[in-house]
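Have a look at the structure below before the remarks.
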Amino acid sequence: MSKVQKIKGVADMYPPESTTFAHLEQTARQVFSRYGYQEVRLPLMEPTQLFSRSIGEETDVVQKEMYTFPDRKGRSLTLRPEATAGMMRAYIENGLHSPGAVHKMFTFGPMFRYERPQKGRMRQFHQLDVEMVGATEPQADAELVLMLATYLRALGMRQLTFEINSLGCRTCRPRHRAALDAFFAALPGFEELCDDCKRRAGTNPLRVLDCKTPRCRELTAAAPVIEDHLCPDCSGAYAEVQAILAGAGVDFVKNPRLVRGLDYYVGLTFEVTSTDIGAQTAVAGGGRYDGLVRQLGGPDVPATGFAIGMERLALLVPPVGQPAADFFVAVLDPAAPSPALALAQELREAGLSGETGFASGSMKSRMRAADRSGARWCLLLGGQELADGTVTLRDMGSGEQRTLPRAEAVALLANRG
């Protein structure tokens with residue numbers, strides 16, 4: 001019988017990778033809580049219309065990348081390709097809105113997109129998603145970027161580039177759209193654009209600026225820049241964010257082609273990039289999406305947030321080792337496995353971590369097992385120790401050992417850790 005193998009584009013995760021992911025999550029909890037954020041958990045499946053309405057029918061995500069299927073009643077469901085739409089659906093459905101309230105939330109979990117697997121990008125991938133709903137001030141945008149910078153620094157990352165742009169609002173976006181329409185209508189070499197860009201030029205010309213094809217970027221290098229079309233409010237907010245980031249020592253560059261890949265972004269948008277993992281340089285990205293909650297049937301409230309690809313982030317952070325064990329209980333007598341288990345349990349309840357080698361053997365073989373465990377202390381249980389109610393305690397660093405009453409040995413290790 002042939003063996004069953006995992007699906008292409010998904011991965012099993014063992015240490016050290018799983019240890020690194022746990023470190024990313026725990027660091028996020030520690031940092032984000034200092035800014036008032038709380039963790040939420042969301043479903044992996046949502047109604048397909050949630051993503052087609054929020055992300056946009058013309059995006060690559062909706063048209064090419066979603067895992068969509070009918071359930072047994074014929075309803076169209078989709079494995080979530082991103083988390084923001086689900087966060088906003090939950091915000092609306094659970095009635096979290098109240099006038100003047102600001103909700104700060106974050107979540108972790110797997111996302112699903114059908115694309116060619118490559119380093120740092122899988123079909124089942126993991127994201128850390130952060131949302132702030134209810135705050136419209138530019139200071140809220142700046143705080144979000146500062147929190148992201150604080151988180152990345154806490155992970156030991158320093159060589160990063162923050163790219164920022166403003167996508168305008170309902171007032172100034174139409175002016176930029178009109179300028180782009182005129183630009184593409186008169187563009188020499190329009191037929192040389194890729195098929196996606198030719199289609200987008202008529203449906204969502206802003207997305208043409210996001211194309212990574214070299215020829216498309218060359219042809220659109222002189223496309224109108226949205227910063228030249230910002231209304232006074234958007235221009236002032238963009239300038240305020242830049243001033244705050246500069247004052248806080250966050251290095252950034254303005255990137256007028258930064259439009260992100262999803263239709264719901266307005267106002268400030270940003271990405272964090274790194275060149276340490278090859279061509280796919282984006283580590284984190286986000287921005288403001290003030291109309292998304294209203295678009296999904298909720299109140300017209302402002303919102304901003306960011307997402308981090310955890311696979312890419314894991315490639316960049318310094319290696320995370322497994323925590324060192326405190327003890328290893330070595331069994332030297334056939335009658336010792338159950339007493340060894342009881343001793344290990346007593347040590348764990350005292351706050352220590354370690355293992356028990358249940359198989360009995362020679363002193364030499366048991367000490368090799370203790371060495372492999374990386375434990376600081378080895379507790380030896382042989383026939384004599386069982387008869388006397390003692391434990392032989394060995395310091396694995398110095399090699400010194402002594403025999404103590406069992407209770408005394410437990411207390412000694414509990415106090416020393």
Side-chain angles (χ1 to χ4, degrees), residues 54-65 81-82 84 113 115 121 141 145 161-231 234-235 237-239 241-242 252-273 275 279-292 304-307 309:
S54 61
I55 296 174
E57 292 282 4
E58 295 299 322
T59 61
D60 287 348
V61 174
V62 171
Q63 293 209 347
K64 301 178 181 180
E65 298 173 2
E82 58 93 48
T84 296
R113 295 189 189 183
E115 51 190 345
R121 173 175 287 183
D141 292 330
V145 177
T161 300
F162 283 77
E163 299 182 4
I164 66 171
N165 190 24
S166 175
L167 299 180
C169 67
R170 301 169 195 170
T171 299
C172 46
R173 281 279 279 275
R175 294 200 294 265
H176 184 234
R177 169 68 186 260
L180 286 175
D181 287 341
F183 172 82
F184 287 116
L187 179 64
F190 179 85
E191 292 302 319
E192 297 180 49
L193 294 172
C194 71
D195 290 342
D196 282 339
C197 283
K198 284 188 284 190
R199 172 176 53 82
R200 291 167 180 160
T203 58
N204 188 355
L206 190 66
R207 292 280 286 113
V208 179
L209 304 182
D210 195 41
C211 184
K212 303 302 187 292
T213 304
R215 182 56 177 159
C216 292
R217 296 184 73 83
E218 180 183 345
L219 289 169
T220 60
V225 176
I226 191 164
E227 188 173 0
D228 295 337
H229 298 81
L230 295 178
C231 65
C234 287
S235 180
Y238 191 34
V241 169
Q242 294 175 58
F252 65 88
V253 295
K254 294 199 294 182
N255 179 359
R257 298 184 71 97
L258 179 62
V259 301
R260 306 288 295 147
L262 308 178
D263 281 357
Y264 52 61
Y265 284 105
V266 297
L268 181 74
T269 185
F270 57 89
E271 279 190 355
V272 185
T273 60
T275 57
Q280 297 293 338
T281 60
V283 177
R288 181 163 286 280
Y289 43 92
D290 289 351
L292 181 58
T304 185
F306 65 79

>> Does S54 form a side chain to side chain contact (heavy atoms under 4.5 Å, CB included) with L292? I'd like the steps, not just the answer.
In response: CA-CA 7 Å; S54 61; L292 181 58; 3.4 Å; yes
> Between L167 and V259, does a side chain to side chain contact (heavy atoms under 4.5 Å, CB included) hold up when you go through it step by step?
Replying inline: CA-CA 7 Å; L167 299 180; V259 301; 4.1 Å; yes
> Under the side chain to side chain contact (heavy atoms under 4.5 Å, CB included) criterion, do D210 and R200 qualify, and how do the steps go?
Replying inline: CA-CA 11 Å; D210 195 41; R200 291 167 180 160; 5.9 Å; no
> Could you walk me through whether I226 and R173 pass the side chain to side chain contact (heavy atoms under 4.5 Å, CB included) check?
Replying inline: CA-CA 8 Å; I226 191 164; R173 281 279 279 275; 3.9 Å; yes
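Among residues two or more places apart in sequence or in another chain, the salt bridge (charged side-chain N to carboxylate O under 4.0 Å, His left out) test is passed with R217 by none. Partners of E227 by salt bridge (charged side-chain N to carboxylate O under 4.0 Å, His left out), not counting sequence neighbours, listed by chain and number: K254. Annotation: side-chain hydrogen bond (donor to acceptor under 3.5 Å, both in side chains) contacts of T304 (sequence neighbours excluded): D141. Contacts of D196 classified as salt bridge (charged side-chain N to carboxylate O under 4.0 Å, His left out), with partners at least two apart in sequence or in another chain: K64, R199.
Between R113 and E82, none of the side-chain N atoms (NZ, or NE/NH1/NH2) sits under 4.0 Å from a carboxylate O, so this pair counts as no salt bridge.
In terms of modelled atom types and a separation under 3.5 Å, the side chain of T273 and the main chain of V283 share no donor-acceptor contact.
One finds the SG atom of C216 at 9.0 Å from the NZ atom of K198 (value rounded to the nearest 0.5 Å). Taking CZ of R257 as the start and CG of L209 as the end, the distance is 5.5 Å to the nearest 0.5 Å. One distance of note links OG1 of T220 with CG of L187; it measures 8.0 Å at 0.5 Å rounding. Here the CZ atom belonging to F306 is positioned 6.5 Å from the CZ atom belonging to F270, to the nearest 0.5 angstrom.
Taking the side chain as every heavy atom from C-beta outward, P224 and L180 approach each other to under 4.5 Å. With contacts defined as side-chain heavy-atom distances shorter than 4.5 Å, the pair Y238/N165 qualifies. Contact check for V241 versus V145: no side-chain heavy atoms found under the 4.5 Å cut-off. Using a 4.5 Å heavy-atom threshold, the side chains of S166 and L230 count as touching. Contact of the I164 side chain with the L258 side chain is not registered, since no non-hydrogen atoms from C-beta on lie closer than 4.5 Å.
Sorted by first and then second residue, the ring-ring contact (aromatic ring centres under 6.0 Å, His included) pairs with a member in residues 176-217 read H176-H229; sequence neighbours excluded. Evaluation of the salt bridge (charged side-chain N to carboxylate O under 4.0 Å, His left out) test over residues 177-189, restricted to residues two or more places apart or in two chains, returns R177-D181.
Here the shortest heavy-atom pairing between G168 and C172 reads CA-SG, 3.4 Å.
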